[in-house]
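Reading through the C-alpha cells given below for one structure.
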Amino acid sequence: MDPFQPTRDDRFSFGLWTVGNPGRDPFGEPVRESVKPTQLVAKLAECGAWGVNLHDNDLVPFGASAQERDRIVADFKSALDDHGMVVPMATTNLFSHPAFRDGAFTANDPAVRAFALQKSMDAIDLGVELGARTYVFWGGREGSEADACRDPREALRRMRAAIDYLCAYVKDQGYDLVFALEAKPNEPRGDIYLPTTGAMLAFIASLEHGEMVGVNPEVAHEHMAGLSFVHAVAQAMEVDKLFHIDLNAQRIGRYDQDLRFGSEDLKQAFLLVRLLEGTSGTARYEGPRHFDAHAYRSEDLEGVWDFARGCMRTYKILVERARAFDADPEVQALIAEERDAKLEGLCAGYERERATTLRGLDLDPAALGRRGKQWERLDQWMTEHMLGARS
Ligand code: GLT
Ligand code: MN
Ligand code: MN
C-alpha cells in the first residue's frame, strides 16, 4: 500500500474556492470551466480529502432567494453524505461585493458595517447548518490606500466591535462554534489592518469573548511579509490559539501566490509539519490540515486534481521525514547537549533565594563565547533527512 495515500484520519480539507478556482487573475480571464460544488465534493472525496470549507457565496450565489438557498444547501448536504465528507470550517465573503470596496467591518459608512454584520450572521447560520465548528474571518478589504480617510485606531475599534458582536450572536444562538482570525499584510488593499498573526493575537487579547477566538495563519501571508511562518504558528500554539491553518506555498516578496503546499521553500514546509505533528515530542496540532491554495493557471481540470493530491502527498511525505529526523539518535544527542537541569531550575522564575544563588554562580562568559554550537551539522543532517539521503 502507498504510505502517502491520504486517508480521512489525516483530516485534510480544501476550500470550494481552492479546487474550484477557475484560474482568473488580474490580467486574464478564467482558463477552466467552473465545477459545481457537489462535483467538487465528489472529486475531493475520491482524492482522499476529509473536509471541504466554504464562503457563503461559494455555495449560495449572492442574492439567491430563500427557496433557492434551501434547495442548494439540501443538494450539497446530500453530496456530503454520499461521499462521507464534512464541512469543518466556514467563512463569509466580505470582499467581493462592490459595497465592500472600502472595507466591511471597518468601513466608515455604518450602513456597510450593518450589511457586513447581516451577511455574517446569515453565513454563520449556514456554516452551522452544514456542521462547521470553526468560523474564519479574513478581512481582505479591511485596510486602506488613502490613510487620511480614517484613523487606524478607529478601524481597530470597529473591528473589535464587529467580532464582539458576532461572538455574542454565536453565544445567543447556543452554537458550538469558535472564530479564527486570518491576517494578511496587503493585497487587495495597500495595507490591511492587523497584518500579521502576532498582531491578531494581540488584538484577540482585547476582545470581550477572547476565549472563543483564535487565529488561522496562512503560509503565504506571513511569507509575503518576509516573516517566519513557523515562528508565527509556534506563537499561536504556545497560547492555545491555533484554531485553524491555511497551508500553501509562497516566495517572499511576491503577490499572494497560494501555491501547492511544499512547492516552494521545502525547509520551512518541513519545519512546519514537524511543529504541527509534534514529531520532536511537543504537543500536536489537532485541527484540520486545510489547504488554501490553487492550481497553476497553466492547468486544466486534470491539473487541479494533480495539485490537490500533491498538497496532501507532500504533507504526508514531510511527516515521515520529520519523524525520521527526530528519531535520529545523533540529532537527539546534539540538541540535548547543552541541557543542565540545575541551571534550568535556577533560571525558571524569580524567587529571592534562588536569585541569590544564581547571582553567586561562577559563570565563565569567555568560555561560553568560545563554544561553537554545531548547528551547521544539525542543519545539514536535516537537509539530508529531507532529501532522503539519511534515515
Ligand atoms: C481568499 C483569501 C484567503 C482566505 C479565504 C477565506 S478567501 O481566497 O485569499 O486567504 O483564507 O476568506
Ligand atoms: Mn487563507
Ligand atoms: Mn493567500
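Both counts, for ligands and for their atoms, begin at 1 and track the order of listing. All of these numbers come straight from a predicted model, not from anything done at the bench. Just so you know, these numbers use all the heavy atoms, side chains as well, and skip hydrogens, waters and symmetry mates.
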*So, are Asp75 and Lys36 salt-bridged, with charged N and O less than 4.0 Å apart?*
no
_If the test is ring-ring contact (aromatic ring centres under 6.0 Å, His included), which one of Tyr135, Phe62, Phe95 qualifies with His55?_
Phe95
*Could Glu208 and Lys171 be called an ion pair, given the rule that one side-chain N must be under 4.0 Å from one carboxylate O?*
no
*Which protein residues have a heavy atom closer than 4.0 Å to any atom of ligand 1, listed by chain and number?*
Trp17, His55, Thr91, Phe95, Trp138, Glu182, Glu218, His221, Asp246, Asp256, Asp292
*Near Arg354 CZ, under 6.0 Å, is it more than 12 heavy atoms from other residues, nucleotides or ligands?*
yes
_So that I can tick it off, tell me whether Arg260 and Asp306 are bridged by a salt bridge, with the cut-off set at under 4.0 angstrom between side-chain N and carboxylate O._
no
*Taking 4.0 angstrom as the limit, do Glu154 and Arg157 come out as a salt bridge?*
yes
*Quick one: how many protein N/O/S atoms are under 2.8 Å away from the Mn ion (ligand 2)?*
4
*Between Asp10 and Arg289, does at least one N-O distance fall below 4.0 Å, as a salt bridge requires?*
no
_What I want to find out is whether Glu330 reaches Arg377 closely enough, with some N-O distance under 4.0 Å, to be called a salt bridge._
no
_Flag, side chain of Glu299 to backbone of Val304, donor-acceptor distance under 3.5 Å_ = no
